[in-house]
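Since this is a predicted model, take the numbers as computed values, not measurements.
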Amino acid sequence: MDNCIFCKIVNKEIPGNIAYEDDVIIAFHDLEPQAPVHVLIVPKEHIPSLYEVTFDHMEVMGWLMAKVKDIAAELGLENGYRLVCNCGEDGMQTVKHLHFHLLGKRKMQWPPG
Ligand code: AMP
Ligand code: ZN
């Protein structure tokens with residue numbers, strides 16, 4: 001997708017600090033980390049947000065979710081972590097390419113702000 005910053009990272013048009021990559025997903029460190037570990041787990045396919053996810057995306061979504069624990073383990077998050085997906089305006093989504101924030105190495109707060 002033109003002008004999508006995460007597609008550009010997927011396509012190696014701009015650099016990302018990549019933590020994990022396979023044929024379906026990529027995970028890279030957030031530019032403005034909100035925790036000692038903060039990576040974004042992103043499907044390589046351009047899906048704008050959770051709003052657009054359908055049963056056609058079952059394979060990629062299942063793949064992504066099944067990889068979370070492996071990425072977390074690789075990053076040393078054996079004490080736990082938080083997985084966040086911001087969706088739409090009220091969800092404060094700023095990048096319109098579906099992504100999951102994996103946050104760890106600090107105690108999270110609940111409820112979130
Ligand atoms: P969201 O607000 O859920 O859409 O999150 C977008 C996230 O992408 C923010 O945490 C940004 O800091 C992060 N971000 C934006 N551009 C980049 C980039 N080029 N590399 C890494 N993280 C980025
Ligand atoms: Zn994209």
Side-chain angles (χ1 to χ4, degrees):
M1 177 68 78
D2 290 348
N3 288 325
C4 170
I5 193 146
F6 288 178
C7 280
K8 286 184 175 157
I9 292 174
V10 167
N11 296 324
K12 309 285 162 63
E13 291 165 25
I14 63 167
N17 185 359
I18 295 169
Y20 175 80
E21 181 172 15
D22 60 32
D23 288 346
V24 181
I25 63 170
I26 189 167
F28 50 88
H29 293 268
D30 198 293
L31 272 186
E32 294 181 45
Q34 304 300 316
V37 170
H38 184 176
V39 306
L40 302 172
I41 306 178
V42 179
K44 288 190 164 178
E45 178 181 350
H46 181 88
I47 305 168
S49 78
L50 274 182
Y51 280 129
E52 287 79 18
V53 171
T54 71
F55 289 102
D56 289 343
H57 299 112
M58 206 134 57
E59 202 170 344
V60 58
M61 295 301 287
W63 184 276
L64 188 153
M65 285 298 158
K67 288 290 178 186
V68 170
K69 65 180 183 310
D70 299 336
I71 297 168
E74 196 64 39
L75 294 166
L77 304 183
E78 53 283 315
N79 207 43
Y81 52 83
R82 179 169 288 172
L83 190 70
V84 175
C85 184
N86 298 328
C87 183
E89 196 180 334
D90 282 0
M92 297 291 283
Q93 182 181 4
T94 58
V95 175
K96 306 295 192 279
H97 181 134
L98 181 64
H99 54 280
F100 293 83
H101 298 254
L102 177 64
L103 301 140
K105 291 280 183 192
R106 73 165 165 81
K107 196 87 173 170
M108 301 296 150
Q109 294 176 339
W110 191 262

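- With side-chain heavy atoms closer than 4.5 Å counting as contact, directly or through intermediates, the hydrophobic cluster containing Leu40 also holds Ile5, Phe6, Ile9, Val10, Ile14, Ile18, Ile26, Phe28, Val42, Val95.
- For Lys12, the side chain to side chain donor-acceptor pair (under 3.5 Å) partners at least two apart in sequence or on another chain are Glu21.
- Annotation: side chain of Leu103 is in contact with side chain of Met108 (closest heavy-atom distance under 4.5 Å).
- Shortest non-hydrogen contact noted between Ala35 and Gly104 is CB-O, 3.6 Å.
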For residues 74-85, which side-chain donor-acceptor pairs fall under 3.5 Å, sequence neighbours excluded?
{"residue": "Arg82", "atom": "NH1", "partner": "Gln109", "partner atom": "O", "Å": "2.8"}
{"residue": "Arg82", "atom": "NH2", "partner": "Gln109", "partner atom": "O", "Å": "2.9"}

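- Partners of Lys96 under the side chain to side chain donor-acceptor pair (under 3.5 Å) rule, at least two apart in sequence or in another chain, do not exist in this structure.
- Between Ile25 and Pro43, the shortest heavy-atom contact is CG2-CA, 4.1 Å.
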Handout entry: Derivation and outcome, side chain to side chain contact (heavy atoms under 4.5 Å, CB included), residues Asn3 and Lys8
Key = CA-CA 8 Å; Asn3 288 325; Lys8 286 184 175 157; 3.9 Å; yes
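- Judged by distance alone, the side chain of Gln93 and the main-chain N or O of Pro48 form a donor-acceptor pair under 3.5 Å.
- Taking a 6.0 Å sphere around CD of Glu59, one finds it holds 12 or fewer heavy atoms contributed by other residues, nucleotides or ligands.
- Pairs passing the side chain to side chain donor-acceptor pair (under 3.5 Å) check and including a residue from residues 27-39, sequence neighbours excluded, read Asp30-His38, His38-His101.
- The distance from atom SG of Cys4 to atom CD of Glu13, rounded to the nearest 0.5 Å, is 10.0 Å.
- Follow the hydrophobic side-chain contacts under 4.5 Å out from Val68 and you reach Phe100 in the same cluster.
- Smallest separation of non-hydrogen atoms from Leu98 and Leu50: CD1-N, 3.7 Å.
- Closest approach of His46 to His97, counting heavy atoms only: ND1-ND1, 3.3 Å.
- Remark: Asp22 engages Tyr20, Trp63 in a side chain to side chain donor-acceptor pair (under 3.5 Å) (not counting sequence neighbours).
- Under the 4.5 Å side-chain heavy-atom criterion for grouping Ile, Leu, Val, Met, Phe, Trp and Tyr, Met1 is not connected to Leu64 through any hydrophobic cluster.
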